[in-house]
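Data first, discussion second: the structure below is written as structure tokens.
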Amino acid sequence: MNSALPTTRRQRIWREMKDYLLIALGMIMYGIGWNVFLLPNDLPSGAVPGIASIVYWATGLPVQYTYLGINGCLLVLSLIILGWKFSVKTIFAVFVLSSILPVIQSITNGVSLIHDQPFMACVLGASFCGSGIGIAFSANGSTGGTDIIAAIVNKYRDISLGRVILLCDLIIISSSYLVLHNWEKVVYGYVVLFISSFVLDQVVNSARQSVQFFIISNKYEEIGHRINKDLHRGVTFIDGVGCYTQNNVKMMFVLAKKRESSTIFRLIKDIDPKAFVSQSAVIGVFGEGFDRIKVK
């Protein structure tokens with residue numbers, strides 16, 4: 001047992017390091033999409049970067065300052081509702097993006113990629129931004145801004161992250177007309193929003209989908225307690241009898257979001273690598289922590 005503990009601790013440390021590396025990669029991709037393709041071509045985007053872009057076009061204030069200031073307020077809300085684990089990684093993401101923006105700006109200073117092809121700039125910029133946000137979400141982080149709002153809504157409602165961000169950001173892009181005075185640019189901003197939302201949903205494998213687990217393990221109490229504590233998901237113990245051995249067994253029944261699957265598998269492996277686990281997708285889950293029962 002003692003020899004296993006250091007291994008488990010190393011696995012957890014490596015997983016945390018991997019999450020932070022993925023978040024950093026996502027922020028670099030987002031920074032490239034925003035600073036290389038969208039901002040130089042006066043293409044508006046949503047969320048806090050969209051607000052920062054509008055402020056930049058209106059006043060010339062570097063986008064990183066506006067981005068950092070607004071996110072500071074939203075992160076307080078994140079700490080209260082989403083908890084310190086999500087918020088710490090989000091703070092890391094905001095810090096990385098704020099730090100990488102001046103670097104990208106200095107590297108690409110004077111360089112204009114596909115300046116005469118706004119639609120291609122729109123597609124490439126949105127793809128980079130959507131992929132970056134998706135990678136950050138898959139590692140339990142975010143770029144802040146409306147991502148935080150989307151994560152809060154997704155915690156209580158079975159609505160995809162991309163759709164929440166889409167609804168939140170329409171007004172931000174529309175307001176860019178007040179500065180750009182060009183409806184064509186605003187329309188391109190809508191295209192950026194739709195493409196980035198679609199790419200985001202693809203990266204996080206459609207966060208709306210739920211899954212169910214059947215788990216058989218001698219350490220069922222410890223596994224069940226950890227799922228309750230770490231994921232705030234209910235666990236039901238079911239009595240069973242093995243056909244071949246005729247031994248009594250305890251089977252756990254768990255319903256969770258698809259994005260939580262990897263966390264559950266990690267948790268089970270850390271406690272009982274020999275556990276028997278069955279996972280399957282479900283069409284709909286209604287009740288506490290999921291959708292409300294709707295009757296027409």
Side-chain angles (χ1 to χ4, degrees), residues 26-74 93-94 97-98 100-102 104-105 108-134 136-137 142-150 160-203:
M27 294 305 95
I28 293 173
M29 292 182 64
Y30 191 94
I32 292 173
W34 184 17
N35 266 264
V36 176
F37 297 105
L38 300 182
L39 205 58
N41 290 283
D42 293 338
L43 296 175
S45 59
V48 175
I51 299 174
S53 297
I54 294 173
V55 173
Y56 168 74
W57 291 323
T59 66
L61 181 69
V63 291
Q64 57 265 29
Y65 299 129
T66 306
Y67 173 80
L68 192 60
I70 297 176
N71 272 303
C73 300
L74 290 172
V94 171
L97 184 55
S98 301
I100 201 68
L101 287 176
I104 296 175
Q105 289 169 356
T108 60
N109 186 29
V111 178
S112 180
L113 296 178
I114 53 177
H115 184 71
D116 57 341
Q117 302 180 52
F119 183 74
M120 284 301 300
C122 170
V123 172
L124 290 173
S127 298
F128 270 96
C129 290
S131 299
I133 298 174
F137 263 118
S142 83
T143 59
T146 50
D147 298 350
I148 295 176
I149 299 174
S160 70
L161 301 172
R163 185 169 298 178
V164 175
I165 293 174
L166 178 66
L167 295 174
C168 290
D169 293 349
L170 282 174
I171 190 171
I172 297 175
I173 292 177
S174 299
S175 64
S176 66
Y177 177 77
L178 300 175
V179 175
L180 298 175
H181 303 293
N182 187 333
W183 281 113
E184 183 179 355
K185 297 291 186 181
V186 175
V187 171
Y188 278 127
Y190 294 144
V191 176
V192 170
L193 185 56
F194 277 99
I195 293 176
S196 60
S197 299
F198 174 79
V199 173
L200 166 61
D201 276 346
Q202 297 305 306
V203 172

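Residue numbers count from 1 along this sequence.
Using the six-membered ring where Trp is involved, Phe119 and Tyr188 have ring planes that are tilted, between 30° and 60° apart.
The CD1 atom of Ile172 sits 9.0 Å away from atom CG of Leu193, with the distance rounded to the nearest 0.5 Å. Interatomic distance, Cys129 SG to Leu200 CG, rounded to the nearest 0.5 Å: 11.0 Å. Note that OH of Tyr190 is 13.5 Å distant from OG of Ser45, once rounded to the nearest 0.5 Å. Taken to the nearest 0.5 Å, the CG atom of Leu124 stands 9.0 Å off from the CD1 atom of Ile195. In this structure, CE in Met29 is found 13.5 Å from CD1 in Ile100, a value given to the nearest 0.5 Å. One finds the CD1 atom of Ile173 at 14.0 Å from the NZ atom of Lys185 (value rounded to the nearest 0.5 Å).
Taking all atoms of both residues into account, the shortest heavy-atom contact from Ser175 to Ile54 is OG-CD1, 3.6 Å. Minimum interatomic distance between Val186 and Ser174 (heavy atoms only, all atoms of both residues): CG1-CA, 4.2 Å. When all heavy atoms are compared, the tightest approach of Tyr30 to Pro49 is OH-CG, 3.0 Å. Between Val199 and Ser127 the shortest heavy-atom distance is CG1-O, 4.0 Å.
Heavy-atom contacts from other residues, nucleotides or ligands closer than 6.0 Å to CG of Leu178 number more than 12.
Pro118 places none of its side-chain heavy atoms less than 4.5 Å from the side chain of Asn41. Ile133 places none of its side-chain heavy atoms less than 4.5 Å from the side chain of Ser196. Residues Val94 and Tyr67 have side chains in contact (heavy-atom distance under 4.5 Å, counting atoms from C-beta outward).
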Report the C-alpha separation of Ser98 and Tyr65 in whole Å, then their side-chain angles, then the decisive distance to 0.1 Å, and conclude whether the side chain to side chain donor-acceptor pair (under 3.5 Å) test is met.
-> CA-CA 8 Å; Ser98 301; Tyr65 299 129; over 6 Å; no
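Identified under the side-chain hydrogen bond (donor to acceptor under 3.5 Å, both in side chains) test for residues 48-63, with sequence neighbours left out: Trp34-Ser53, Asp42-Trp57.
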